[in-house]
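See below for the structure under consideration.
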Amino acid sequence: MSTNRKFNSAKKRYFFARPVPLILCLVALLLASCSNPFGGGKTDTRQPTKVPPARQTYTIPEVGILDFDTLDPALAHDPSSIQAVQMYTTGLVSLNNQLHVQPQLAQSWQLGDDGVTWTFKLKKNLKFSDGTPLTSTDIAYSLNRALLPATKSTVAPLYLGLIKDSDQLLAGRIPTLIGDSILTPNKSTIVIITSKPASYFLSMLTNTCAYVVEKSLIQRYGTNFTDHLNAGGGAGPFKVATYVHRSHLDFIPNADYYDPRPQLQKVSLVLYHSQDDAYQDYLNGKLDETEVPSNQLSSLSKRKDFKQVPQLWINYYTMNYLAKPFDNIHIRQAFALAIDKNAIAKTIWSNTLLATNHIVPQGMDGYNPQLTGPDGTQSLSGNPTKAQRLLQQGLQEEHWTSVTQIPPIHLTYVTGVDSFDQEVQALIQDWQRVLHIQVIADPVDYTTLLDRVTAATGNANGIQMWGLAWVGEYPDLQDWLTHQFGRGSTYNNMNYGENTSATAAIQQEIQKQLAQADASNNATTRTQLYQQAEQQIINDVGWIPMTQETTTFLRSSNIVGIVDNGQNIIPPDDWATIYRVQ
C-alpha cells in the first residue's frame, strides 16, 4: 500500500494511505512462501516424489474481489493485481526471496561518479512471451509510459518520481523523458538519471510500475491490451493462458523466458466471494492455499500445512513533539515504558501479532536484532519502575509538582473495530496503573483521523497522540526511517527534529545522518548509519512501536520450494525450483 497506512479488515488495523494503494501484497496470502519461522506444524520426514508434468499445477484463491482491478503494470496497486502482473512480466531489477535487490532484465548496473547516473546492461537474448526481441528501447518506453499523464498511474509518480524531470512530464511541461533522463545508447544499455543521489532507487525500481510492457500490443489494443496477454505483452516466467473475467486467471510457462523456466505447468488464480467457500474448497482438495479463519487459528496452528509469516508492517503510536506534555523527552519515555506490549499481543490479538520495539521490522535487510527500548533493554513487557522515575524527572523539568497539572491527554484513533478499541483501553489502563495518568480515548472516523494527523504538522495545538501503522512500500531502510522522520518529510507529522525541545538539536543531527545514509553507496555504511539512527529515534520515542503484523494461512504440503518473506512475493526465478509432489 502506498505510504501505507490503511485499514485492513483481516487484521483489524487502520492505516493512513495516499489515495491509491501500492505494492506490497501484505494482506494477500496468495503467493506467500512455505517455510515457517514460528515453527507451526509438524516436521515432515518423508521423501516426496515429484508428480508428472501434467499434474504440475498450483491453484490459489483470490478472495473478496469481483475481478482483477487491472493487469497493467503501470496501474497495478492492489495485492491481487500486483500478484498477477508479477507472474507475466518483470523489470530491470527484482527482489529475491530475502528481499534483496537482484538483477532481472538487467545483467548488471553501475552508478556514475555524479551519484545520479545509473547505467544498466541488459541480459542477452531477451524476448517477450510472443518471441519478439526485448531491448533497451522497450524498457525506456515502459518507464516513460508509466509516467505519462495520459496513463493516469497513481503509483508511478511515487516509485519513479526520482527520475529526473518526471515532475515536468507529469505536469505536461515536456512530452517525454526519453532522450532527457532516460537514454538508450544501444539495444543492450539503458541509462536512467535521477534528480538526486538516492541509493534506494534500485529498491523503488522493483515496483511493478517499472516493469516492461510490449509497445506493439498496446498500439494494437490500447487500454484493452490486458485482455490479449495470451498473445504476448510481457517477459516474465509465465504467460497468460486464459483470463475469464470475474472467474479465474490461468498462467502457463513462458517458453521464451530468459532464465530457468518454471516447473509448474499451470498456476490458476481463482476468484472467491467468500472466505468460507475458499476454506472449504481447500479442505476438499480443490485449492492449494487458503487463509486461516480467525476463529480457528488456535486449532489449526498445529497442522503441518499451517504457516505464520512476519510482514513488513509495524503498528505504532506516536506523539506530537510540539504539544504538552509530549514536548518533554522524559515524559514520552515514561509513556513508552509503562506499556506491557507482550500482554496486549497475547490477550487482544491472540498472538497473531508480534510485540516489538522496532521501527524496522523483522524480515527487512538491515533489521537490528540488538536494538533496545528507551530503557536500554529488550523487554517487551515494559519497565514500570523506570517509567515512574522518568515521569518524575519530566514533571520537575516542566515545574509541575503533580500529574494533576499535566494538561488533559487525548489518544486519537479510528473507531469501529472492537480489537483496536480493546488495545486502546489496555494502554489507558497501563498508563493509569503505572503513571497514575488518565488518558482520554478519542475515537474518530478514518477521514477525520487523517485530517487531524496532517494538521498536527508544525502545530502545537494539534492532536497530542495517535495510533497508526506503516506497511513497507519498498524494502529499503530509507522507507522506514528517512521517509518517517526526515526533515520536511510528509510523514513527519510528529514534528521530529522540527521543534524547540531540549533534544531538538540531537534530532536534527539524526536527520542529517539519515540524509547521509540515503545518498551513501556503501551498503555497510548505510546500514550502520540507519541502525544508529533507529536506536536514537527509539530512545527519543519518535514512535512507540507496538506490534508487527503476520499472515496466517494454510498451504498444501504437496507444493514445495516456496520461501517465505515479509512481502509475500515469489521472485521470478524462484519458480524454477517450485513444484508439486505426491
Side-chain angles (χ1 to χ4, degrees), residues 73-74 85 88-96 101-148 151 153 156 159-166 168-169 174-220 225 232-237 239 254-261 521 571-573:
V85 167
Y88 86 84
T89 191
T90 56
L92 283 167
V93 292
S94 67
L95 299 172
N96 66 15
V101 175
Q102 65 179 7
Q104 200 54 53
L105 294 172
Q107 177 176 290
S108 63
W109 58 81
Q110 184 174 1
L111 179 60
D113 292 339
D114 59 5
V116 298
T117 302
W118 296 82
T119 301
F120 298 86
K121 295 292 185 179
L122 303 186
K123 293 178 179 177
K124 298 183 183 299
N125 301 317
L126 295 176
K127 295 179 181 179
F128 287 103
S129 57
D130 62 358
T132 302
L134 189 163
T135 71
S136 60
T137 302
D138 297 297
I139 298 171
Y141 165 79
S142 301
L143 293 170
N144 189 72
R145 172 183 175 269
L147 285 164
L148 285 173
T151 304
S153 174
Y159 286 94
L160 303 180
L162 279 172
I163 298 178
K164 182 176 176 288
D165 292 334
S166 61
Q168 300 297 308
L169 179 64
I174 59 176
T176 183
L177 294 179
I178 298 173
D180 175 34
S181 53
I182 302 177
L183 310 172
T184 54
N186 55 59
K187 290 184 177 181
S188 62
T189 306
I190 182 169
V191 178
I192 304 175
I193 303 169
T194 59
S195 57
K196 63 179 181 180
S199 295
Y200 52 95
F201 178 59
L202 287 175
S203 291
M204 301 185 87
L205 283 180
T206 65
N207 185 265
T208 53
C209 68
Y211 285 13
V212 67
V213 290
E214 192 168 7
K215 183 178 180 179
S216 61
L217 202 69
I218 295 174
Q219 289 176 328
R220 192 180 316 158
F225 81 95
K239 63 182 293 185
N254 174 9
D256 289 299
Y257 188 53
Y258 47 88
D259 280 347
R261 295 171 190 164
N521 296 318
D573 293 347

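The analysis underlying the following values was restricted to heavy atoms, covering all of them including side chains, and did not include hydrogens, waters or symmetry mates.
When all heavy atoms are compared, the tightest approach of Lys127 to Ala235 is O-CB, 3.6 Å. The two residues Ala74 and Ser153 have their closest heavy-atom pair at O-OG, 2.5 Å. The minimum heavy-atom distance between Gly236 and Tyr257, with the atom names listed, is O-CD1, 3.2 Å. Here the shortest heavy-atom pairing between Lys164 and Ser181 reads O-OG, 2.6 Å. Closest approach of Thr90 and Pro237 over heavy atoms only: CG2-CD, 4.4 Å. Closest approach of Ser129 to Gly233, counting heavy atoms only: OG-N, 4.0 Å.
Looking at Leu183 and Ile178, their side chains never come closer than 4.5 Å, going by heavy atoms from C-beta outward. The closest side-chain heavy-atom distance from Asp180 to Leu169 is not below 4.5 Å.
Here Leu202 contributes atom CG and Trp109 contributes atom CH2; the two are 5.5 Å apart, rounded to the nearest 0.5 Å. From Asn125, atom CG reaches atom CG of Leu134 across 11.5 Å, with rounding to the nearest 0.5 Å. From Leu95, atom CG reaches atom CG of Asn207 across 10.0 Å, with rounding to the nearest 0.5 Å. Ile218 contributes atom CD1, which lies 8.5 Å from atom OG of Ser216 (distance to the nearest 0.5 angstrom). Atom CD of Gln104 is separated from atom OG1 of Thr206 by 11.0 Å, given to the nearest 0.5 angstrom. Considering OH of Tyr141 and NZ of Lys215, their distance stands at 6.5 Å, rounded to 0.5 Å.
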Going through the distances and angles, do Val212 and Ser142 end up as a side-chain contact (heavy atoms from CB on, under 4.5 Å)? CA-CA 5 Å; Val212 67; Ser142 301; 3.5 Å; yes

Would you check, one step at a time, whether the test side-chain contact (heavy atoms from CB on, under 4.5 Å) holds for Leu126 with Thr135? CA-CA 7 Å; Leu126 295 176; Thr135 71; over 6 Å; no

Criterion side-chain contact (heavy atoms from CB on, under 4.5 Å) on Leu105 and Tyr211, from CA distance to verdict: CA-CA 10 Å; Leu105 294 172; Tyr211 285 13; over 6 Å; no

Which is it for Thr89 and Val213 under the side-chain contact (heavy atoms from CB on, under 4.5 Å) test, yes or no, and what are the steps along the way? CA-CA 8 Å; Thr89 191; Val213 290; 5.6 Å; no

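Within the structure, every pair that satisfies the side-chain hydrogen bond (donor to acceptor under 3.5 Å, both in side chains) test and touches residues 190-203, not counting sequence neighbours, is listed here: Ser199-Asn521. Sorted by first and then second residue, the pairs that involve residues 110-125 and meet salt bridge (Lys or Arg N to Asp or Glu O under 4.0 Å), not counting sequence neighbours, are Lys123-Asp259.
Here the side chain of Thr151 pairs a donor or acceptor atom with the backbone of Arg145 at under 3.5 angstrom. A donor-acceptor pair under 3.5 Å is formed between the side chain of Arg261 and the backbone N or O of Ala255. Side-chain atoms of Ser166 come within 3.5 Å of backbone atoms of Gly161 as a donor-acceptor pair (strictly under, hydrogens ignored).
With Asp165 as the partner, the side chain to side chain contact (heavy atoms under 4.5 Å, CB included) test is satisfied by one option alone out of Leu177, Ile182, Thr176: Leu177.
Checked against ring-ring contact (aromatic ring centres under 6.0 Å, His included), Phe201 has the following partners two or more places apart in sequence or in another chain: Trp118.
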